[in-house]
Amino acid sequence: MKIYLDGKFVDEADAKVSVFDHGLLYGDGVFEGIRLYGGNVFRLEEHLERFEYSAKAILLTLPLSRAELSEAVCETCRQNNLTDAYIRLVVTRGVGDLGLAPWLCPKPTVFCIASKISLYPKEHYDNGLAIVTVPTRRIGPAALPPTIKSLNYLNNILGKIEAKQFGALEAIMLNEQGYVAECTADNVFIVHKGTIITPGASQGALKGITRGSMFDIAKDIGVPIRESDMTRYDVWCADECFLTGTGAEVIPVVKLDGREIGTGKPGPITQRVLASFRKLVLVDGTRI
Ligand code: PXG
């Protein structure tokens, strides 16, 4: 496997960063998870825009232009002869000393990995997931805006560990006020009386690229969609529920906290949205 690392393509074994890199020492950096479908990078421009916004939010000046980032991502796919892949684009503050001071890190580290995708087993797309609400709250915007896709994932990782302790693959995380924010690595949607509803970014949701595509799909198939505050009650009593994310795509949820959602089977709107998403990814992308 060839990895893009600071302007060069290197073998996997040589793709190493320093133990003094602040991405490792402090989680000081931002990243993107992107998918390649049939030779098209899904919504690459949107991913790069979010990457630039995340970098701006942490006052990190990207050493590459939009065009250079785009080329680095596409060339990483080409170098590995991939047509379908999971792409990880990362920028860290770079090498510094053993203090927090980011201004003592002269050069950001940029790398890009394009690798095979590990998906949820197919049965979960057919039958839906049973998930739980975990005790760890999603970090609030006053502490660290959850809209920044930063390398600080401990909050989500604690949520993921708790999900596993409860025997679930994903979990709903509430915000500090107790409203539904998102899952550990996915956005949450419900369907109630024919309308698709999802928490807004102000509730602690990442502005997911897959989430964004749901608004286009809903418009396309003529189903109303809106952002709204949401409690666990709203999910328990929804007709349908599904999650979206670059890794998960669109995955039905049929149970939350032991309460069956709707009929306990993936709902009709969820199935239509999932089918539309699978068509969209084949046409909506940047050709590598
Ligand atoms: N919320 C959080 C906290 C995320 O990390 C999403 C929502 C969904 O956003 P996108 O833009 O992907 O629709 C994410 C994304 C993985 C993996 O390996 C995780 C994500 C993306 C890709 C892979 O578990 N998280």
Side-chain angles (χ1 to χ4, degrees), residues 23 26-33 46-47 50-51 53-58 88 90 120 129-192 196-215 225-238 240-253 255-259 261:
Y26 301 111
D28 188 355
V30 298
F31 76 103
E32 281 297 317
E46 290 184 31
H47 278 287
R50 186 171 68 183
F51 190 62
Y53 287 158
S54 293
K56 178 174 189 173
I58 68 160
R88 175 62 55 96
V90 182
Y120 285 118
L129 288 178
I131 65 171
V132 291
T133 309
V134 286
T136 296
R137 298 296 177 97
R138 193 72 182 96
I139 207 159
L144 178 67
T147 36
I148 303 173
K149 204 164 163 61
S150 84
L151 294 179
N152 280 265
Y153 255 57
L154 263 185
N155 178 238
N156 315 59
I157 288 164
L158 292 180
K160 185 93 179 169
I161 291 169
E162 289 164 351
K164 189 159 191 286
Q165 288 170 341
F166 291 121
L169 294 175
E170 242 305 6
I172 284 190
M173 300 185 78
L174 306 177
N175 65 21
E176 287 166 337
Q177 287 71 44
Y179 290 94
V180 172
E182 59 178 344
C183 287
T184 67
D186 297 299
N187 290 113
V188 185
F189 291 77
I190 59 169
V191 180
H192 187 65
I196 302 174
I197 307 165
T198 191
S202 60
Q203 297 303 321
L206 180 80
K207 290 179 184 170
I209 306 299
T210 322
R211 175 186 184 277
S213 73
M214 292 302 113
F215 288 80
I225 186 167
R226 64 183 165 86
E227 289 184 349
S228 172
D229 300 354
M230 195 183 283
T231 63
R232 291 201 295 163
Y233 169 89
D234 297 314
V235 185
W236 296 335
C237 300
E240 302 180 31
C241 177
F242 61 89
L243 313 179
T244 67
T246 296
E249 303 181 312
V250 177
I251 190 155
V253 172
K255 201 182 251 191
L256 174 64
D257 306 325
R259 280 85 160 174
I261 298 170

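Between the side chain of N155 and the backbone N or O of I139, at least one donor-acceptor pair lies under 3.5 Å. Distance alone, capped at 3.5 Å, places no donor-acceptor pair between the E182 side chain and the M173 backbone. In terms of modelled atom types and a separation under 3.5 Å, the side chain of N175 and the main chain of A181 share no donor-acceptor contact. Of the possible donor and acceptor atoms, none in the side chain of D229 sits under 3.5 Å from a partner among the backbone N and O of Q203. Within the 3.5 Å criterion, the main-chain N or O of N156 finds no donor-acceptor partner in the side chain of T184. No donor-acceptor pair under 3.5 Å is formed between the side chain of T147 and the backbone N or O of L206. Between the K160 side chain and the L169 main chain, a donor and an acceptor come within less than 3.5 Å of each other.
Atom CD1 of I190 is separated from atom CD of E240 by 10.5 Å, given to the nearest 0.5 angstrom. Taken from CG in D257 to CZ in F166, the straight-line distance is 9.0 Å, to the nearest 0.5 Å. For the atom pair CG of L256 and CD1 of I172, the computed distance is 4.5 Å after rounding to the nearest 0.5 Å. With rounding to the nearest 0.5 Å, the separation of SG in C241 from CG in D234 is 11.0 Å. To the nearest 0.5 Å, the span separating CE on M230 from CD1 on I197 amounts to 6.0 Å. I58 CD1 to S150 OG: the interatomic distance, rounded to the nearest 0.5 Å, is 7.5 Å.
The existence of a salt bridge linking R211 and E227 is confirmed by a sub-4.0 Å separation between a basic side-chain nitrogen and an acidic carboxylate oxygen.
When side chains are defined from C-beta on, D186 does not count as touching I251, because their heavy atoms never get closer than 4.5 Å. Looking at T246 and H47, their side chains come closer than 4.5 Å, going by heavy atoms from C-beta outward. Side-chain contact between I196 and M214 is absent, with no heavy atoms from C-beta onward closer than 4.5 Å. The closest side-chain heavy-atom distance from T210 to N187 is not below 4.5 Å.
Across A168 and A130, no two heavy atoms sit closer than the pair CB-O, 3.7 Å. When all heavy atoms of R138 and G204 are compared, the pair lying nearest together is CG-O, 3.7 Å. Residues H192 and C237 come closest through the heavy atom pair ND1-O, 4.0 Å. Contact between V235 and I261 at its shortest, heavy atoms only, is O-CG1, 3.7 Å. Between P199 and A205, the shortest heavy-atom distance links the atoms O-CB, 4.1 Å. A pairwise comparison of heavy atoms in I131 and E170 identifies CB-O, 3.4 Å as the closest pair.
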Could you check L151 against V30 for side chain to side chain contact (heavy atoms under 4.5 Å, CB included), going step by step and ending with a plain yes or no? CA-CA 5 Å; L151 294 179; V30 298; 5.9 Å; no
Hey, mind stepping through K207 and Y53 against side chain to side chain contact (heavy atoms under 4.5 Å, CB included) and telling me if it holds? CA-CA 11 Å; K207 290 179 184 170; Y53 287 158; over 6 Å; no
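Residue F215 qualifies as enclosed at atom CZ: its count of foreign heavy atoms under 6.0 Å is above 12. Within a 6.0 Å sphere centred on OH of Y179, other residues, nucleotides and ligands contribute 12 heavy atoms or fewer.
For the salt bridge (charged side-chain N to carboxylate O under 4.0 Å, His left out) with E32, the qualifying choice from R88, K149, R50 is R50, the only one to do so.
Note on ring orientation: taking the six-membered ring where Trp is involved, the planes of F242 and F189 are parallel (angle under 30°, cut-offs 30° and 60°).
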